[in-house]
Amino acid sequence: DAQLRLSVRVAPLGTRFMLLIADDRTEAHRLEAVRRDFVANISHELKTPIGAVGLLAEALEHASDDPEQVRKFADRLQIESARLAAMTQEIIELSRLQASNALADPAEVDVESVVSAAIDKNRVAAEAAGIQLVAGGAKKVKVLGDEAMLVTAVHNLIANAIQYSTKPSRVGIGVIRTDDIVEIAVTDQGVGIPDDELDRVFERFFRVDQARSRATGGTGLGLSIVKHIVQNHGGDVRVWSQAGHGSTFTIRLPRPVEQSTEPAPKKKKV
Ligand code: ADP
């Protein structure tokens, strides 16, 4: 009701103020709805792995005479608990990102280092999957932001590109620089995403193919985390895809003002 009192007080100043306050309330309602949905989603998503852990523990108890069975159930218990740990970690990360709209303390970050750190984190998975990672593009490009968060964002895109690829194939990671923006593109030759699902892939817990995503340990949170990190950096993330042929995800980030005012390289005379 603090807002209510405020709106009554500023009303004589003109309709623009009223409009701003109304917007504020809509935003507060939206955030509250986001929070409520998030909690409902989490409860729903956690039920499956928690239920599985319970059932496996029970099965383990009954299989105690059979070492083969014991090993099988113990392995599956480990997989389900690792999935729970990953999901919990991502839920914490996403709720932290959703709670703030801007970066607390942005620093100058070298995009090439971000890309190579993200590639390094995916090297083992790529090798295991028979996928070649190929990087290229603009060098010595800087953005303002949080290096660890940007590494997470690029890492998530590369991890997905590997996960949804068919082997043997390549995943390309390219950096393009224009006067105003830096674009990091991750391209795969994988399963692709059907047109009618493209809009939804950035929603939290959304998976095109529930069974495939669950089987590969996907949480449905990776792209939602990418979207929030990129938005907190004042950028955007987009996707192009063709089912059966592959996908390209691009992160676009604004370049710091100092850099875009640098003199352009001299053009050759023709
Ligand atoms: P997940 O943990 O399931 O991978 P994400 O939020 O990272 O969750 O992705 C959401 C869904 O988008 C995935 O389940 C998958 O169906 C689809 N997706 C994401 N990246 C790709 C890609 N590179 N190729 C094909 N499908 C993808």
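Atoms within a ligand are numbered from 1 in the order they appear, just like the ligands themselves. What's counted below: heavy atoms across the whole structure, side chains too, no hydrogens, waters or symmetry copies.
Phe205 places none of its side-chain heavy atoms less than 4.5 Å from the side chain of His44. Between Ile251 and Val226 the shortest side-chain heavy-atom distance falls below 4.5 Å. Taking 4.5 Å as the limit, some side-chain heavy atom of Thr152 sits within range of a side-chain heavy atom of Ile229.
Checked against a 3.5 angstrom limit, the closest N/O atoms of Asn160 and ligand 1 fall inside it. Here's the thing with Tyr164: one of its N/O atoms is less than 3.5 angstrom from an N/O atom of ligand 1. On a distance-only criterion, Thr219 and ligand 1 share at least one N/O pair closer than 3.5 Å. Where the criterion is an N or O separation shorter than 3.5 Å, residue side chain and backbone included, Ile193 fails it with respect to ligand 1.
Heavy-atom proximity to Gly220, at under 4.0 Å, picks out these atoms of ligand 1: 1 (P), 2 (O), 3 (O), 6 (O), 8 (O). Below 4.0 Å from some heavy atom of Val201 lie the following atoms of ligand 1, by number and element: 10 (C), 12 (O). Atom numbering of ligand 1 starts at 1 in the shown order; those under 4.0 Å from a heavy atom of Leu221 are 6 (O), 8 (O). Per-residue contacts place Gly222 under 4.0 angstrom from the following atoms of ligand 1 (heavy atoms of the residue considered): 5 (P), 6 (O), 7 (O). Set against the non-hydrogen atoms of Phe206, the atoms of ligand 1 under 4.0 Å away are 10 (C), 11 (C).
At least one heavy atom of Gly192 sits less than 4.0 Å from an atom of ligand 1. The shortest heavy-atom distance from Phe202 to ligand 1 is not under 4.0 Å.
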Does the pair Asp180 and Arg255 meet the rule for a side-chain contact (heavy atoms from CB on, under 4.5 Å), with working shown?
CA-CA 5 Å; Asp180 310 317; Arg255 289 184 64 204; over 6 Å; no
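When the side chain to side chain donor-acceptor pair (under 3.5 Å) test is applied to Ser113, the partners found at least two apart in sequence or on another chain are Asp110.
Between Lys72 and Asp75 no salt bridge is recorded (no basic side-chain N to carboxylate O distance below 4.0 Å). Between Glu197 and Arg200, no side-chain nitrogen of the basic residue sits less than 4.0 Å from a carboxylate oxygen of the acidic one, so the salt-bridge criterion is not met. Glu45 has a carboxylate O that lies under 4.0 Å from a charged side-chain N of Arg207, or vice versa, which qualifies the two as a salt bridge.
Using a 4.0 Å cut-off between heavy atoms, Leu223 contacts ligand 1 through both its backbone and its side chain.
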